[in-house]
Amino acid sequence: MFSKLLLLIGITMMYSTPLVFGALGGVVSERSGVVNIGIEGMMTMGAFTGASVSYFTGNPWLGFLAAGVAGGLVALLHAIASVTFNADQTISGIAINLIGPGFALFFCRLLFKDATMTPPVATLPRLFGEDAFAGTPAANLNVDVTVVLGLIATVFIWFILYKTKWGLRIRSVGEHPAASDTLGINVGRTRYSCVLASGVLSGFGGASMTLAIISQFNPTAISGQGFIALAAVIFGKWTPYGAYGACLLFGLAQALTVVLGGSDSGVSIPSQILAMLPYFLTIVVLILFVGRSVAPKADGLPYEKGER
Amino acid sequence: MKLAAKVLKKPIASTLIAVLFGFIVAAVVLVAAGYNPGQSFGALFHGIFAKPKYISNVIIKATPIILTGLSVAFAFQTGLFNIGAEGQYIAGAVAAVLVGVKLDLPPVLQIPVVVMAGVLGGTLFGWIVGYLKARFGIHEVITSIMLNWIGLYLSNFVVASGTYHMPNSTSTYPVNPSSYTMLLPNWKTSKAGMAALKPHQWLYEVMLKTDVNFGFLVAVLMAAIIWYLLYRSAKGYELRAVGFNRDAAEFAGINVNKNITDAMVIAGALAGLAGALAITGTAPHKISTLAAFENNGFNGLSVALIAGSSPIGCIFAGLLFGGLLYGGQSVQQDVGAPTEIINIMIGTIVFFVALTKIVPVLAEKLEKRGAGHVQ
Amino acid sequence: MEVSTEYAVQMHGITKLFGSFCALDHVDLDVKKGSIHAVLGENGAGKSTLMNILYGLYQADSGEIYINGKKAEIKNPNTAIGHGIGMVHQHFMLVDNFTVTQNIILGNEVTGKFGIIDTKKAREEIIGIVKKYGLEVDPDAKIEDISVGMQQRVEILKALYRGADLLILDEPTAVLTPQEIEELIEIMRSLISGGKTIIIITHKLKEIKASSDVCTIIRRGHSIDTVPVADVDEEQLATMMVGHAVKLVVEKAPAKPGDVIFEIENLTVKNERGLEAVRNLSLKIRRGEILGIAGIDGNGQKELVEAITCLTRAQSGTIKINGVEIQNTTPRNVIDHKVSTIHEDRQRRGLVLPFTVAENAVIEKYRTPEFTRRGMIDRSRMTGFARRLIEDYDIRPAGCESQPVRGLSGGNQQKVIIAREISNEPELLIAVQPTRGLDVGAVEYVHKMLVRERDAGRAVLLISLELDEIMNVADTIGVIYAGSIVASFPQGKVDENTIGLLMAGGRLNETGSEST
Amino acid sequence: SSGAASSSEASSEASGQAASAAGSSSAAATNYKVLMVTDTGGVNDQSFNQLSWKGLQQLEKDVPGAKANYSESKQESDYATNLDKAADDGNQLIWGVGYAMAGALQNAAQQNPDIGYAIIDNAYETVPSNVTCVVFRAQEPSFLVGYIAGKTTKTNKVGFVGGQKSDVIDQFEYGYKAGVAYAAKELNKNIDVVSQYAESFVDSAKGKAIAKSMYSGGCDIVFHAAGGVGVGVIEAAKEANKYAIGVDMDQAFLAPDNVLTSALKRVDKAVEQVSKDAIDGKEIGGKTYSLGLTEDGVGIPEEHKLMGDDTYNAAMALEQKIKDKEIVPPASKDDYDAFVKTLK
Ligand SMILES: Nc1ncnc2c1ncn2[C@@H]1O[C@H](COP(=O)(O)OP(=O)(O)OP(=O)(O)O)[C@@H](O)[C@H]1O
Ligand SMILES: Nc1ncnc2c1ncn2[C@@H]1O[C@H](COP(=O)(O)OP(=O)(O)OP(=O)(O)O)[C@@H](O)[C@H]1O
Ligand SMILES: [Mg+2]
Ligand SMILES: [Mg+2]
């Protein structure tokens with residue numbers, strides 16, 4: 001029983017971590033007033049870059065950083081469109097979701113002799129070292145270091161958003177850009193930074209898949225996590241802790257399907273029905289506990305100076 | 001100058017420019033990767049236009065995404081973001097199969113019944129999203145994303161279920177042929193049909209080698225109906241009022257919650273119709289285990305965006321998209337360039353569609369410069 | 001005019017184009033140090049634009065700005081703030097879900113290590129300024145929870161906090177109660193004595209007289225004149241502003257009230273936060289009568305209107321129109337019972353901005369057989385109808401029926417709403433703040449319309465924060481305080497001071513109150 | 001193993017030579033175009049599509065003048081159009097990968113009697129004269145790896161992770177279970193097999209989670225037949241320092257210390273060989289190649305450092321028994337139930 005519990009925790013943590021980074025990216029971007037539907041595309045780019053840099057350098061940390069940079073570069077496109085050109089942020093985000101994976105696979109083919117997957121790559125360490133608690137149920141708690149990074153990132157983003165002047169400015173830009181503008185806050189620059197940060201975080205999210213969970217990049221390494229992260233942003237009411245919680249809930253539901261799905265679990269639900277559980281549970285939790293969530297007021301609205 | 005400015009102000013100009021940029025970026029990427037862009041685009045156009053049956057195939061491929069595009073565009077016009085067309089499409093296909101396999105009525109009855117079943121399947125999914133939004137204020141994006149996955153597993157559940165699973169396959173039984181919406185499905189494969197078609201080479205090819213079906217006509221008709229509904233009917237007036245300004249609509253006595261639900265119901269019905277028509281109109285007329293999304297709904301998203309959410313625009317955007325998807329295969333086959341090129345190209349087009357808001361602004365500048373010269 | 005250090009600000013030959021539209025044409029403005037300088041002009045005259053240029057939000061196409069006699073290049077609000085300029089905008093620039101303190105320090109935060117905001121220190125600094133100028137506010141309250149008057153103080157504090165020497169107030173009184181206005185004038189005086197200079201923009205002639213030293217009049221982007229306020233009277237100012245003589249008093253015949261057709265009894269309504277905003281409120285309106293409700297913002301006016309229009313539930317009590325109870329039904333039902341409402345928030349509740357004028361004109365009756373047959377809207381009838389309204393109500397530009405209403409000016413948007421609501425031929429016409437942000441000419445027009453409707457035998461409920469409006473237009477004046485009508489008087493039987501006292505929660509000594 | 005893969009019931013003796021002599025015998029084939037149509041998994045499915053393509057790429061290298069190509073299906077309805085387009089483009093041999101394509105391929109073959117077709121994992125009841133079917137008896141290598149797992153397990157509990165349930169995956173599952181049961185019988189003990197489906201062929205994280213759960217539930221060996229999901233399974237084995245068994249190809253490269261062995265299904269070899277036969281003008285139309293251990297179309301890798309020689313040799317002995325038809329590994333639940341009864 002106890003070991004089952006530890007297992008649930010371990011799987012929950014593992015499953016939710018890429019989502020956490022992606023969702024944090026969404027929170028940061030949307031808090032500054034830029035809707036980010038393109039998390040999926042940014043994560044894919046990060047997943048690929050992380051794996052390939054780790055492969056070529058043998059240094060997973062370098063890969064992790066590079067993934068952030070790659071995610072940021074993709075996000076730059078989104079920022080140019082939605083901040084500089086006041087473009088429709090939804091459209092731009094959808095475009096990112098097409099372009100990101102397109103380029104990731106394209107570069108992968110170029111770098112790996114026309115293969116769309118990398119060989120196994122050096123991975124990030126685990127929290128207590130490779131073999132800690134090996135063979136005991138506690139090994140489930142020896143999570144990937146990215147799990148902790150995700151938690152740190154959550155606290156960090158919360159700290160930035162709610163305790164520092166930058167956070168105050170970011171939130172003001174997302175709520176009332178004109179007010180920020182009259183106080184000499186550069187709305188465009190703030191939004192640029194946030195969108196880029198969003199890309200960096202999403203890139204980390206992608207890399208925490210390929211550098212911790214599966215240790216290679218392949219075309220399906222990121223398949224839908226970006227959208228779940230997007231849902232987590234809304235579910236979590238655009239706050240770092242809320243989003244983190246939503247990702248955990250989703251991870252937990254996945255863990256439950258895993259634990260209930262084994263032929264020795266004593267539960268006989270068709271696996272297709274069981275697989276619906278996380279998605280179904282999300283809706284139920286929304287109905288029962290969460291309800292309406294209100295976006296930052298200026299979320300999705302391009303800021304045009306002097307517009308009345 | 002004036003003329004140029006005038007032309008540039010038209011929305012279609014922006015879209016065409018976006019398409020042009022899509023090609024340019026794709027060309028740059030191709031060159032960078034060592035492929036000949038001219039050859040690649042040649043292959044693309046060859047793959048789309050070289051034979052009547054290719055054109056026919058493009059139209060067939062375009063049909064479902066025109067409809068899902070319409071679904072998304074319609075929702076946009078009513079202030080909703082229907083990222084759930086994928087799931088609604090699946091629900092439509094599943095429902096059509098559920099009914100089409102079991103029932104075997106004469107075609108005049110069977111076809112409407114099966115198609116309506118599909119429409120209802122999509123409607124149900126749309127309704128859930130709309131109802132949860134209206135009743136509990138739950139954001140449609142979350143429910144839609146979740147329902148997409150639920151739809152996928154539901155479909156797989158049906159495929160695996162005892163009564164529908166076809167032994168030795170990864171699919172259900174096909175729907176009964178009485179549900180088929182191809183053009184003369186029985187006649188064309190009969191001896192008489194073959195004989196009659198044989199002398200007309202292209203007709204023969206189009207009829208026998210592609211699943212020419214009524215779907216496209218239905219899609220065009222739906223685009224017209226949706227346009228009419230949105231811009232000419234009292235219901236459309238309500239839906240748009242709620243979409244643009246919920247508070248004002250509520251104050252004016254319009255039932256906001258009902259209209260949110262109705263909008264999602266209609267959007268879902270359109271995507272469901274797409275799924276149903278794919279089942280009745282194209283081989284293999286059944287659903288198979290889905291390992292991943294087939295993107296019929298997600299492509300509809302891009303179609304709607306390229307079309308600027310115009311119902312009529314969806315027809316053309318859908319054809320463009322269908323052409324790129326279908327013809328894109330040839331780029332890989334003929335030139336060896338990876339298929340990702342097409343995704344990059346489509347992505348770029350969508351990206352520039354987002355940017356093209358500036359085209360009319362530029363046009364205005366151009367106009368002003370022109371005026372300055374006159375002075 | 002000479003450039004001199006005597007002046008806090010001198011703007012010379014300012015020209016500003018929006019596209020091909022010339023909003024300002026060689027406008028001059030010279031503001032003496034330590035003075036209160038009024039800028040007066042009709043809606044759209046260019047006042048805000050001029051101030052936005054001074055504050056660096058817009059760039060002038062030509063012209064110079066001198067601050068304290070030195071030429072200044074004001075590229076953005078930051079440089080303006082650097083020059084000691086602070087601005088309180090016409091539309092408040094406050095982040096609703098931030099606290100007062102957060103709003104004040106935004107962009108100029110007091111921080112410790114790592115950019116951490118030192119809220120305590122910030123609060124102390126703010127309290128210091130609050131004390132100095134008598135600007136009482138709660139530093140920890142959220143903006144969405146405080147009154148409009150308070151919000152304005154926060155705006156002023158924002159400027160002072162940044163060390164502003166020159167304060168621009170863009171239409172600061174539009175949303176204030178008489179008492180608040182007095183307090184504001186008080187505050188302005190204390191600022192002047194503290195060495196500040198103030199530019200105040202307003203349409204309200206009385207306030208100019210009450211507060212300002214000098215007044216510059218702008219009409220359609222041109223500076224008309226600059227006069228010492230003491231030398232002119234209100235009529236003269238109005239004439240200069242509009243370009244022709246205007247009547248400042250509403251002309252109307254005495255009311256001839258008929259039977260009671262609208263009646264509220266013991267109404268109680270809770271607000272969003274679950275507090276009783278309307279408490280046991282009762283009122284009656286007769287045919288051919290305008291009932292004006294005076295009151296300070298936040299005393300239940302909003303909830304009262306929401307309850308009547310069924311946007312919100314009534315906890316208890318009845319609302320009857322022609323004897324039929326309509327409370328807790330639907331907005332549709334209320335409209336069907338011939339209640340028409342001019343909502344105070346025209347862009348949120350009144351109009352669908354992307355819709356055309358014609359589409360907006362039929363928003364309550366598109367389903368009637370007149371406009372819809374077999375589910376299809378008869379567009380030619382719809383545009384025909386709109387064209388008639390445009391003509392009858394002089395909505396500009398003429399022939400705008402197929403334009404999105406978004407492109408119309410604020411005044412004309414308001415006219416669309418008024419035209420639409422009156423065209424419903426209501427039994428009861430509710431007008432909430434119908435002249436908010438409109439200039440004198442437009443205000444006159446709206447008032448005329450309300451009186452015309454009264455004379456046509458309708459009951460009119462006028463709710464306004466502007467006491468003048470109530471005093472001038474209403475036949476019966478009710479005062480709302482803390483969710484109840486605390487007193488009511490026939491027009492002319494009460495003076496402004498009494499009403500102002502009642503609005504602020506005071507009690508009457510004499511028995512002047514009688515019920516309608 | 002020899003590397004040659006293909007053979008039919010009709011011509012098993014020819015296969016060895018054909019493979020080794022491939023280069024020379026096909027010299028005459030100038031500009032022979034071969035194309036494969038993938039199923040919806042795409043060419044990089046880390047499973048049979050990818051292996052098929054590997055086979056065709058090898059063909060291109062080995063046979064001068066052979067031109068290989070693929071076309072990817074994104075959805076079910078692409079099968080027919082891709083096959084049709086392939087016919088237009090002058091391909092002489094067209095592969096359909098996966099039995100989902102059976103119907104579409106049959107139609108195409110009927111419409112283009114002059115073109116050769118071949119299909120993986122599907123056998124028609126009556127094979128059209130221009131179609132070659134290639135099916136694998138995947139239950140055979142699965143049986144072997146199951147046996148190895150049974151012999152190797154210390155916890156007496158092993159796992160199986162499937163992608164999505166289908167007849168092909170059943171071959172792996174029940175072959176494996178039968179192998180485990182066989183070993184248990186031999187060792188005279190009870191070995192539990194836990195099986196679980198990921199409902200996906202792509203969700204590696206889920207594969208990892210399932211395997212984690214199996215390892216923590218006491219399994220020490222997990223076999224997967226789940227495409228990309230298996231990447232996660234192997235990853236979990238690495239982390240838990242337990243064994244995983246690969247599928248389709250030798251997956252030891254993913255985790256040399258943890259991949260105990262793999263159930264090989266040499267789709268690449270088969271595709272290459274059948275294509276060569278076609279290029280050489282052999283009569284392959286209308287035939288079904290059922291490839292098992294005997295034909296060397298399936299198997300396990302020779303490398304066996306993690307299990308020791310004893311176990312490996314025992315498995316090889318078993319392989320011989322299967323080749324000799326002394327043992328017929330079951331490919332479905334019913335066969336498996338029957339098989340287990342024979343053990344008692
Ligand atoms: N951003 C803009 N784009 C186009 N026109 C503008 C813009 N801002 C102001 N204008 C126009 O410039 C003119 C002056 O506007 P401004 O806001 O300065 O008027 P105002 O005197 O402050 O009026 P009000 O009393 O209504 O506040 C108006 O006709 C207005 O429509
Ligand atoms: N942001 C804008 N962009 C373009 N045109 C604008 C903009 N804002 C206002 N206008 C145009 O400028 C004109 C004046 O607008 P504004 O709202 O300032 O009117 P106004 O002069 O204050 O009139 P009113 O007295 O009726 O309120 C309108 O005709 C409107 O179409
Ligand atoms: Mg105005
Ligand atoms: Mg103004």
Side-chain angles (χ1 to χ4, degrees), chain A residues 37 41 77-78 80-82 84-110 114 116 220 223-224 227-228 230-232 234-235 246 270-276 278-283 286-288 290-295 302, chain B residues 25 29 32-34 76 81 83 128 132-133 135-139 141-161 289 291-293 298 301-302 305-306 336-358 361:
Chain A
I37 307 235
L77 285 180
H78 188 45
I80 290 172
S82 44
T84 305
F85 288 104
N86 288 328
D88 185 311
Q89 299 167 7
T90 306
I91 306 185
S92 165
I94 300 259
I96 297 289
N97 283 338
L98 293 164
I99 294 171
F103 272 109
L105 292 180
F106 190 81
F107 287 134
C108 192
R109 285 185 197 270
L110 286 186
D114 211 35
T116 51
T220 56
S223 42
F227 288 103
I228 301 291
L230 177 68
I234 304 171
F235 193 131
S271 58
Q272 299 89 354
I273 302 295
L274 197 58
M276 293 178 190
Y279 311 98
F280 184 70
L281 199 67
T282 302
I283 295 179
L286 277 169
I287 294 173
L288 293 183
V290 183
R292 193 177 302 272
S293 39
V294 182
Chain B
V25 170
V29 175
F76 269 135
F81 183 28
I83 201 169
I128 293 174
L132 291 181
K133 179 168 181 117
R135 173 80 174 70
F136 300 103
I138 297 173
H139 204 295
V141 165
I142 312 187
T143 14
S144 294
I145 290 175
M146 300 302 146
L147 278 173
N148 285 344
W149 288 97
I150 290 176
L152 181 114
Y153 293 119
L154 182 72
S155 174
N156 288 350
F157 177 70
V158 170
V159 172
S161 70
T289 309
F293 291 117
F298 291 122
L301 215 60
S302 304
L305 296 175
I306 293 176
T339 39
E340 283 80 48
I341 282 291
I342 293 299
N343 289 342
I344 292 175
M345 194 154 131
I346 292 171
T348 314
I349 292 175
V350 175
F351 185 73
F352 280 101
V353 164
L355 291 193
T356 43
K357 244 175 76 179
I358 57 165
V361 179

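Just so it is clear: chains get the letters A, B, ... in the order the sequence lines come, proteins before strands, and each one is counted from 1. If you're wondering where the values come from, they're calculated on a predicted model, not measured in any experiment.
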Anything under 3.5 Å between a donor and an acceptor, one on a side chain of residues 97-106 of chain A, the other on a protein residue two or more places apart or in another chain? List them.
{"unit_1": "A/Asn97", "atom_1": "OD1", "unit_2": "A/Gly41", "atom_2": "N", "d": "2.8"}
{"unit_1": "A/Asn97", "atom_1": "ND2", "unit_2": "A/Ile37", "atom_2": "O", "d": "2.8"}

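- A side chain to side chain contact (heavy atoms under 4.5 Å, CB included) with A/Gln272 holds for exactly one of B/Asn156, B/Leu154, B/Thr289, B/Leu152; it is B/Asn156.
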For the pair A/Thr90 and B/Phe81, evaluate side chain to side chain contact (heavy atoms under 4.5 Å, CB included) and give the outcome as yes or no after the intermediate values.
CA-CA 9 Å; A/Thr90 306; B/Phe81 183 28; 3.6 Å; yes
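- Heavy atoms of B/Ile150 lying under 4.5 Å from chain A belong to its backbone as well as its side chain.
- Interatomic distance, CZ of B/Phe352 versus CD1 of A/Ile91, reported as 13.5 Å (0.5 Å rounding).
- In this structure, the portion of A/Ser223 lying under 4.5 Å from any heavy atom of chain B is its backbone and not its side chain.
- What you find for B/Ile142 and A/Phe235 is that their closest heavy atoms are CD1-N, 3.6 Å.
- Shown here for B/Ala354 and A/Ala87, the closest heavy-atom pair between the two residues is O-CB, 3.0 Å.
- Ring centroid separation for the pair A/Phe227 and B/Phe293 does not come in under the 6.0 Å cut-off.
- Contacts between B/Val159 and chain A at a heavy-atom distance below 4.5 Å are absent for every atom of the residue.
- Between chain A and the residues B/Asn343, B/Ile344, B/Val141, B/Asn148, the largest count of heavy-atom pairs under 4.5 Å involves B/Ile344.
- Once rounded to the nearest 0.5 Å, the distance linking NE2 of B/His139 with CD1 of A/Ile234 reads 4.5 Å.
- Closest approach of B/Ser302 and A/Ile94 over heavy atoms only: OG-CG2, 4.1 Å.
- Proximity to chain A (any heavy atom under 4.5 Å) is restricted, for B/Leu301, to the side chain, taken from C-beta onward.
- Looking at residues two or more places apart in sequence or on another chain, you find no side chain to side chain donor-acceptor pair (under 3.5 Å) involving A/Gln89.
- Between B/Ile145 atom CD1 and A/Thr282 atom OG1 the span is 10.5 Å, to the nearest 0.5 Å.
- By number of non-hydrogen pairs under 4.5 angstrom with chain B, the leading residue of A/Gly224, A/Ala275, A/Ser271 is A/Ala275.
- When each of A/Ile273, A/Thr84, A/Leu230, A/Leu110 is scored by its heavy-atom pairs under 4.5 Å with chain B, the top score falls to A/Ile273.
- Once rounded to the nearest 0.5 Å, the distance linking CZ of B/Phe76 with CG of A/Asp88 reads 7.0 Å.
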